[in-house]
Amino acid sequence: MPSLIAIVGPTATGKSKLAIELAHTLDAEIVSADSMLVYKHMNIGTAKPTGDEMRGIPHHMINIVTPDVVFTVHDYQRKALTCIQDIIARNKTPLLVGGTGLYIQSVLDGYEFGPADTNEVYRRQLDWIAQEHGNDILYQALRLFDPISAERINPNDLRRLIRALEVYKATGAPISAQKKKPSYLAEMDIRTIRIGLTMDRERLYQRIDKRVDEMMRQGLLDEVRNLLLLGYSPSLYSMQSLGYKQITNYLAGQYSLEEAVSEIKRETRRFSKRQYTWFRRDPHIVWFYTDRAESQSSLYANVCEILKDLEFGP
RNA sequence: GCCGCGGUAGCUCAGUUGGUAGAGCAGAGGACUGAAAAUCCUCGUGUCGCCAGUUCAAUUCUGGCCUGCGGCA
């Protein structure tokens with residue numbers, strides 16, 4: 001029976017490194033589950049593994065669209081599942097690796113997305129209405145069309161408010177009618193194991209700070225300048241992501257470079273906390289403390305042992 | 001050495017006409033089904049510098065001490 005190994009966890013815990021190492025022994029290929037690695041030209045700020053670091057292991061779902069494309073979970077789900085099927089058809093093991101919880105879940109837990117595609121024009125209209133008249137007017141509309149979702153969505157959560165209305169407009173059915181399906185992977189007879197990497201909070205924060213400094217040294221500033229030069233607007237979703245947003249603001253003169261850097265650090269720390277929150281509630285994850293393993297090789301050995309116990313891989 | 005201003009939550013500070021205290025930031029917890037590195041929700045007990053005095057009661061008033069900053073020597 002074919003199997004898939006997922007490696008998840010907050011940013012900067014060493015997922016990529018472990019994945020590449022495992023891929024070597026398991027004859028595996030890596031399927032990235034990261035909402036920002038899909039973008040071309042965004043390398044330093046996303047901590048995308050370099051060609052060297054990949055050590056010849058095929059990586060999928062990386063560099064597949066330009067930064068001006070609105071890439072959605074649904075796009076991700078579709079492409080990633082195709083990728084996984086393809087890898088298995090070639091008798092290799094897929095390693096699903098990344099920190100975007102929603103993306104991981106869309107593959108592992110069978111989210112089924114309905115026919116309601118994103119509608120940028122409608123979104124902009126609703127955005128404008130909210131700005132002019134406040135969120136509450138949208139919230140009241142939602143209460144009318146979809147009281148169940150209105151119950152669940154916070155009136156201030158404009159993103160979810162807009163999406164719920166968008167679904168209603170596209171399908172005439174409330175978003176609350178969307179149901180969870182059994183896992184697609186189970187349907188394909190693919191066994192899965194979920195490995196979580198984590199770390200003492202204090203130490204992770206130190207690592208994040210160090211990594212941001214390293215990104216600056218590697219030329220994040222030039223990377224962002226180049227993106228702007230290529231014509232990618234700071235208002236793009238991709239450009240609103242961690243690091244890119246703050247550097248863009250700095251270039252626009254909103255604050256000093258020093259402030260931009262500490263802002264990136266702080267926001268990345270907060271982001272990692274949100275990732276913890278997301279993954280912690282998944283009871284299937286087997287956790288490893290990467291800072292407690294004496295070395296990367298003992299972490300690697302521990303993971304291999306678990307895999308062997310569960311009869312994964314060779 | 002003298003004069004002035006401070007010492008209150010991890011940080012910056014507010015405040016109590018005497019009844020043991022509250023903001024911002026930092027931080028913590030949580031939500032999450034087509035923008036998710038996004039978006040949103042919740043959470044503030046700390047020897048009020050130390051010691052004594054006055055008082056039913058002091059972080060608040062008084063005195064001394066310690067300490068930081070500025071000025072004068």
Side-chain angles (χ1 to χ4, degrees), chain A residues 10-12 32-39 42 44-48 65 67-79 98-120 122-124 126-127 130 135 138-139 148-149 151-171 173-181 184 201-202 205 208-209 211-212 215 235-248 259 262-282:
Chain A
T11 188
S32 159
D34 187 302
S35 65
M36 288 301 139
L37 293 192
V38 298
Y39 290 113
M42 298 176 71
I44 297 170
T46 58
K48 194 179 284 171
V65 292
D68 53 329
V69 171
V70 179
F71 194 81
T72 70
V73 209
H74 192 204
D75 298 327
Y76 177 80
Q77 184 192 46
R78 230 179 352 227
K79 290 195 164 123
T100 304
L102 183 64
Y103 283 16
I104 296 270
Q105 212 143 318
S106 77
V107 168
L108 259 34
D109 293 337
Y111 280 174
E112 194 179 36
F113 300 107
D117 215 340
T118 59
N119 182 337
E120 291 298 318
Y122 188 56
R123 280 182 184 187
R124 246 170 281 136
L126 294 184
D127 248 328
N135 290 0
L138 298 186
Y139 187 68
I148 296 170
S149 297
E151 216 29 60
R152 261 189 32 237
I153 298 171
N154 187 286
N156 294 325
D157 196 344
L158 191 58
R159 282 276 208 278
R160 292 201 168 72
L161 228 46
I162 289 179
R163 162 94 282 236
L165 289 170
E166 184 181 60
V167 169
Y168 186 79
K169 180 182 160 72
T171 64
I175 190 171
S176 48
Q178 291 187 342
K179 292 268 152 56
K180 209 170 185 171
K181 284 261 164 174
Y184 292 101
R201 188 71 62 91
E202 196 67 28
Y205 284 3
I208 286 172
D209 287 355
R211 192 159 88 165
V212 172
M215 284 176 182
S235 64
L236 291 168
Y237 299 141
S238 58
M239 293 291 274
Q240 287 292 308
S241 66
L242 270 171
Y244 297 90
K245 178 182 179 178
Q246 291 79 6
I247 295 293
T248 298
E259 282 171 295
S262 56
E263 189 105 335
I264 294 171
K265 289 175 182 172
R266 195 187 66 209
E267 290 307 319
T268 308
R269 279 184 243 127
R270 288 177 172 171
F271 168 56
S272 74
K273 200 161 79 72
R274 271 176 270 136
Q275 289 177 301
Y276 268 122
T277 305
W278 182 286
F279 291 120
R280 248 189 312 223
R281 72 176 168 179
D282 183 346

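Chain naming here is simple, since letters A, B, ... match the order of the sequence lines and numbering starts at 1 in each. Source: prediction; values computed, not measured. Any value given below was found using the heavy atoms of this structure, including those in side chains, with hydrogens, waters and symmetry copies removed.
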Side-chain atoms of A:R280 come closest, of B:U33, B:A26, B:G30, to B:G30
I'd like to know if A:E166 pairs up with A:R163 as an ion pair, taking the criterion as any Lys NZ or Arg NE/NH1/NH2 lying under 4.0 Å from an Asp or Glu carboxylate oxygen.
yes
Does A:R163 place a side-chain N or O at less than 4.0 Å from the phosphate oxygens OP1/OP2 of B:U33?
no
N/O donor-acceptor pair under 3.5 Å between A:Q275 side chain and A:T11 backbone
yes
In whole Å, what separates the P atom of B:G49 from that of B:A14?
13 Å
How would you label the contact of A:G101 with the nucleic acid (heavy atoms, under 4.0 Å): base, sugar-phosphate, or nothing?
nothing
Go through it in stages, so that I can follow the logic: the residues are A:V107 and A:Y76, the test is side-chain contact (heavy atoms from CB on, under 4.5 Å), and I'd like the CA-CA distance, side-chain angles, deciding distance and then a yes or no.
CA-CA 9 Å; A:V107 168; A:Y76 177 80; 3.7 Å; yes
Applying a 4.0 Å non-hydrogen cut-off, can you work out what A:E112 is touching in the nucleic acid: base, sugar-phosphate, or nothing?
base
What nucleotide, of B:A35, B:U33, B:G30, holds the atom closest to the side chain of A:I175?
B:U33
Per the 3.5 Å Watson-Crick/G-U criterion and a run length of at least three, the stems involving RNA chain B are B:1-7 with B:66-72, B:10-13 with B:22-25, B:27-31 with B:39-43, B:49-53 with B:61-65
Under 4.0 Å between any heavy atoms, over every strand shown, what does A:D75 touch: base, sugar-phosphate, or nothing? Just pick one.
nothing
Kindly say if A:R266 contacts the phosphate of B:G27, meaning a side-chain N or O under 4.0 Å from OP1 or OP2.
no
Rounded to whole angstrom units, what separation is found between the CZ atom of A:F271 and the C1' atom of B:U39?
13 Å
Specify the residue among A:W278 and A:S241 whose closest nucleotide of RNA chain B lies further upstream toward the 5′ end.
A:W278
Length of the line joining A:Y139:OH and B:C40:P, which is rounded to integer Å
16 Å
Between C1' of B:U39 and CZ of A:R160, the distance in whole Å:
6 Å
Could you tell me whether A:E120 atom CD has more than 12 heavy atoms of other residues or ligands within 6.0 Å of it?
yes
Using a heavy-atom cut-off of under 4.0 Å over every strand shown, decide if A:L161 touches base, sugar-phosphate, or nothing.
nothing
Rounded to whole angstroms, how far apart are CZ on A:F279 and P on B:A31?
13 Å
Would you please confirm or rule out a distance under 4.0 Å between OP1 or OP2 of B:A28 and any side-chain N or O of A:R201?
yes
Out of B:C25, B:A36, B:C40, which nucleotide sits closest to the side chain of A:R270?
B:C25
With a non-hydrogen cut-off below 4.0 angstrom, is A:P115 in contact with a base, only sugar-phosphate, or nothing?
base
Interatomic distance, A:Q105 CD vs B:U33 P [rounded to whole Å]
10 Å
Tell me whether the side-chain N/O atoms of A:N154 come closer than 4.0 Å to OP1 or OP2 in B:A31.
no
With the side chain defined as heavy atoms from C-beta on, A:R269 is closest, among B:A35, B:G27, B:U33, to B:G27
Classify the nucleic acid contact of A:R281 as base, sugar-phosphate or nothing, counting any heavy atom under 4.0 Å across all strands shown.
base
Taking atom C1' in both B:C48 and B:C13, what distance in whole Å separates the two?
13 Å
Counting any heavy atom closer than 4.0 Å, what does A:Y205 reach on the DNA or RNA strands: base, sugar-phosphate only, or nothing?
sugar-phosphate
A:T72 has its side chain closest, among B:A35, B:U33, B:U39, to B:A35
Pick the nucleotide of RNA chain B nearest each of A:Q240 and A:D117; which residue has the one closer to the 5' end?
A:D117
Spell out yes or no: do the side chain of A:K273 and the base of B:G27 have one donor N/O and one acceptor N/O closer than 3.5 Å?
no
For nucleotides B:U59 and B:U47, find the distance between their C1' atoms and express it as a whole number of Å.
11 Å
What's the gap between B:G68 and B:G24 when it is taken at their P atoms, as a whole Å value?
32 Å
Which one, B:U33, B:A36, B:A35, comes nearest to the side chain of A:M36?
B:A36
Quiz item: cation-pi between A:R281 and A:W278, 6.0 Å / 45°:
yes
To the nearest 0.5 Å, what is the distance between OG (A:S238) and CE (A:M42)?
4.5 Å
So, taking the atom named CZ in A:R201 and the one named CZ in A:R269, what distance separates them when rounded to the nearest 0.5 Å?
12.0 Å
Looking at B:U33, B:A35, B:G27, which one has an atom nearest to any side-chain atom of A:Y111?
B:U33
Shortest side-chain distance from A:Y103, nucleotide among B:C32, B:A35, B:A36
B:A36
Roughly how many Å apart are B:U12 and B:C69, using the P atom of each and rounding to a whole number?
14 Å
Please classify the nucleic acid contact of A:S106 as base, sugar-phosphate, or nothing, using heavy-atom distances under 4.0 Å.
nothing
Taking atom types as they are modelled, is there a donor-acceptor pair under 3.5 Å from the base of B:A31 to the side chain of A:R274?
no
Provide the distance between the two P atoms, one in B:U45 and one in B:A21, to the nearest whole Å.
9 Å
Roughly how far, to the nearest 0.5 Å, is CD of A:Q246 from OG1 of A:T268?
7.0 Å
Which distance, rounded to the nearest 0.5 Å, do you find between the CD1 of A:I104 and the CG of A:D282?
9.5 Å
Separation of B:C40 atom P from A:I153 atom CD1, nearest Å, is 13 Å
If we take the P atom in both B:U54 and B:G63, what is their distance in whole Å?
15 Å
Parallel, tilted or perpendicular, judged at 30° and 60°: which one describes the rings of A:H74 and A:F113?
tilted
Closest of B:A35, B:A36, B:A28 to the A:T118 side chain is B:A35
If we ignore hydrogens and angles and just use 3.5 Å, is the side chain of A:T277 paired with the main-chain N or O of A:K273 as donor and acceptor?
yes
For B:G18 and B:A58, measure between their P atoms and round to the nearest Å.
13 Å
At 4.0 Å (heavy atoms only), tell me whether A:Y76 reaches a base, stays on the sugar-phosphate, or touches nothing.
nothing
